[in-house]
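For reference, the structure discussed in these notes is given below.
Predicted model, so just to flag it, every value in this text is computed and none were measured. For the numbers below, each heavy atom of this structure counts, side chains included, while hydrogens, waters and symmetry mates do not.
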Amino acid sequence: QVQLVESGGGLVQAGDSLRLSCAASESISSAYAVAWYRQSPGTQRELVATIRSGGSSDYPSSVKGRFAISKDNAKNMVYLQMNNLKPEDTGVYYCNALFSLTGWLRQGADWGQGTQVTVSS
């Protein structure tokens, strides 16, 4: 099975920046799309960024203008650049990939450990 490993989280202050990384065990270039999600305690998992195979990306209004998703096909890496972080950005961040049009790699309750992002005010 394809493995995805997130890294790059940490404790920062409001207004700071972080870049999260997602390493894939298979070629990112073969993915139809890759996405970042986050989940804070007591909330549902939220989609925060999507990048398609062609390079176009989408963001919800909550992060638009502050977050940017990118990928490095040669390194099988996906990144999430987060600028001007806010306390509400706090949560565990996960990546996911669509290698088949039948569904995303991570679909159940267990998405692994993710990477923790904590933004203090």
Side-chain angles (χ1 to χ4, degrees):
Q1 185 180 13
V2 178
Q3 291 184 321
L4 301 173
V5 181
E6 302 92 343
S7 63
L11 174 62
V12 298
Q13 294 185 340
D16 286 351
S17 298
L18 280 174
R19 189 180 75 162
L20 306 183
S21 298
C22 174
S25 61
E26 294 186 12
S27 177
I28 290 295
S29 65
S30 67
Y32 291 102
V34 183
W36 282 94
Y37 294 76
R38 68 186 180 191
Q39 186 170 25
S40 58
T43 69
Q44 296 179 324
R45 188 176 296 115
E46 175 190 19
L47 176 66
V48 297
T50 304
I51 186 167
R52 306 182 188 91
S53 60
S56 61
S57 56
D58 295 297
Y59 310 89
S61 59
S62 59
V63 306
K64 188 173 297 183
R66 299 187 299 115
F67 288 13
I69 186 171
S70 62
K71 60 180 180 178
D72 187 332
N73 290 332
K75 297 181 179 179
N76 292 332
M77 297 287 289
V78 181
Y79 305 100
L80 182 66
Q81 179 66 45
M82 304 185 295
N83 298 324
N84 191 26
L85 284 162
K86 302 177 180 180
E88 58 256 41
D89 295 321
T90 294
V92 179
Y93 283 70
Y94 306 88
C95 58
N96 204 354
L98 183 66
F99 287 99
S100 171
L101 292 177
T102 60
W104 291 78
L105 178 63
R106 292 167 163 168
Q107 297 182 342
D110 184 14
W111 284 30
Q113 292 184 298
T115 185
Q116 176 72 46
V117 172
T118 303
V119 184
S120 65
S121 59

query: So, the side chain of Lys71 versus the backbone of Ser53: is there a donor-acceptor pair under 3.5 Å, distance only?
result: yes

task: Taking the side chain as every heavy atom from C-beta outward, state whether Leu80 and Val48 have any atom pair closer than 4.5 Å.
output: yes

task: Would you check if the side chain of Ser40 reaches a backbone N or O of Gly91 as a donor-acceptor pair within less than 3.5 Å?
output: no

message: So does Val2 get a backbone contact from the side chain of Ser25, meaning a donor-acceptor N/O pair under 3.5 Å?
response: no

- prompt: Between Glu88 and Ser62, is any side-chain donor less than 3.5 angstrom from a side-chain acceptor?
  reply: no

task: Group every Ile, Leu, Val, Met, Phe, Trp and Tyr by side-chain heavy-atom contacts under 4.5 Å, then state whether Leu20 and Val12 land in the same group.
output: yes

message: Do Cys22 and Tyr79 have side chains that approach each other closer than 4.5 Å (heavy atoms only, starting at C-beta)?
response: no

message: Show the nearest heavy-atom pair for residues Ala14 and Ser121, with the distance to one decimal.
response: CB-CA, 4.4 Å

query: Does a donor on one side chain sit under 3.5 Å from an acceptor on the other, for Asp58 and Thr50?
result: no

ILVMFWY network linking Val34 to Leu47, side-chain heavy atoms under 4.5 angstrom: no

message: Arg19 vs Glu6, test: salt bridge (Lys or Arg N to Asp or Glu O under 4.0 Å). Steps then yes/no.
response: CA-CA 11 Å; Arg19 189 180 75 162; Glu6 302 92 343; over 6 Å; no

field: Contact check, side chains of Ser17 and Gln81, non-hydrogen atoms, under 4.5 Å
entry: yes

- prompt: How long is the gap from CD on Glu46 to CG on Asp89, to the nearest 0.5 Å?
  reply: 9.0 Å

query: Would you call Asn83 and Phe67 a side-chain contact if the rule is heavy atoms closer than 4.5 Å?
result: no

message: Counting only heavy atoms from other residues, nucleotides and ligands, does the tally under 6.0 Å from CD of Gln107 exceed 12?
response: yes

- prompt: Which value, rounded to the nearest 0.5 Å, describes the distance between Leu4 atom CG and Cys95 atom SG?
  reply: 4.5 Å

query: Measuring from Glu26:CD to Gln3:CD, what's the distance to the nearest 0.5 Å?
result: 9.5 Å

task: Look at the side-chain heavy atoms of Ile, Leu, Val, Met, Phe, Trp and Tyr, link any pair under 4.5 Å apart, and say whether Val5 and Met77 land in one connected group.
output: no

Flag for Arg38-Tyr93: side-chain donor and acceptor within less than 3.5 Å: yes

Gap between atom CH2 of Trp36 and atom CG of Asn96 - 0.5 Å precision: 11.0 Å

Check: Trp111 ring centroid to Tyr37 ring centroid under 6.0 Å: yes

field: Val92 and its side-chain contact (heavy atoms from CB on, under 4.5 Å) partner, picked from Gln113, Arg45, Gln116
entry: Gln116

statement: Taken to the nearest 0.5 Å, the spacing of Ser120 OG from Leu85 CG works out to 10.5 Å

- request: Check whether any side-chain heavy atom of Ile69 sits under 4.5 Å from a side-chain heavy atom of Val78, and report yes or no.
  value: yes

Whether Ser57 side chain and Ile51 backbone form a donor-acceptor pair below 3.5 Å: no

query: How about Leu18 and Val117: do any of their side-chain heavy atoms sit closer than 4.5 Å?
result: yes

